[in-house]
Amino acid sequence: MIQNYKDLADDACLLETVQCLNSPPTYFCKIINQAFKEGAHKIEKEALNRVLVSRSETDMTEIKEVHHQLYGAKLEDVVATNTHGNYRDALLSLINGKE
C-alpha cells in the first residue's frame with residue numbers, strides 16, 4: 001500500500017488532477033500564468049486557449065477574481081498586454097463574456 005502511494009505521489013498527471021479538483025479557479029490561474037512566462041512552450045500557450053474556451057461560460061468570473069488575488073493584476077490586463085490583434089480580441093471576448 002505504501003509503495004503504491006509513493007508511485008502515485010511521483011505522477012505529475014495525478015498531481016495536476018488533485019490541484020484542479022482542490023481548487024479549479026486557482027489551478028486554471030496557474031495554467032494561464034504559465035502561458036505568459038518567459039520561454040513558455042507551445043503546450044503551455046495552447047493550454048491558455050483551452051482554459052479560456054472551456055471556462056468562459058462556467059466560472060470565468062471566479063477565475064478572474066482569484067487571478068487578481070494571486071497575481072495582483074486583472075486577467076484582462078495580463079492578456080491584453082501579452083497578446084496581439086484578433087487573437088487578443090478573441091481571448092478578451094472569452095474572458096469578458098456577456099459583461
May I have the step-by-step check of side chain to side chain contact (heavy atoms under 4.5 Å, CB included) for E76 and K64, ending in yes or no? CA-CA 8 Å; E76 301 94 313; K64 288 168 31 175; 3.4 Å; yes
With a 4.5 Å heavy-atom cut-off, do [X] and [Y] have their side chains touching?
X   : Y   : value
P24 : F28 : yes
L48 : Q34 : no
T83 : F36 : yes
I95 : V79 : yes
L94 : R55 : no

Heavy-atom pair with the smallest gap, counting every atom of [X] and [Y]:
X   : Y   : answer
A35 : A40 : O-CB, 3.5 Å
T26 : S23 : OG1-OG, 2.8 Å
V78 : H67 : CG2-CE1, 3.7 Å
M60 : L75 : SD-CD2, 4.1 Å

Would you give the length of the straight line joining atom [atom1] of [X] to atom [atom2] of [Y], rounded to the nearest 0.5 angstrom?
X   : Y   : atom1 : atom2 : result
S93 : L52 : OG    : CG    : 10.5 Å
Y87 : N82 : OH    : CG    : 10.5 Å
D59 : S54 : CG    : OG    : 8.0 Å

Margin query: Whether the side chain of N33 engages the backbone of C29 through a donor-acceptor N/O pair (distance < 3.5 Å, no angle test) should be reported.
Written below: no
* Between E44 and I31, is a side chain to side chain contact (heavy atoms under 4.5 Å, CB included) present by the stated rule, with each step listed? -> CA-CA 7 Å; E44 286 134 344; I31 297 301; over 6 Å; no
Full working for side chain to side chain contact (heavy atoms under 4.5 Å, CB included) between I63 and I32: CA-CA 10 Å; I63 291 169; I32 292 166; 4.1 Å; yes
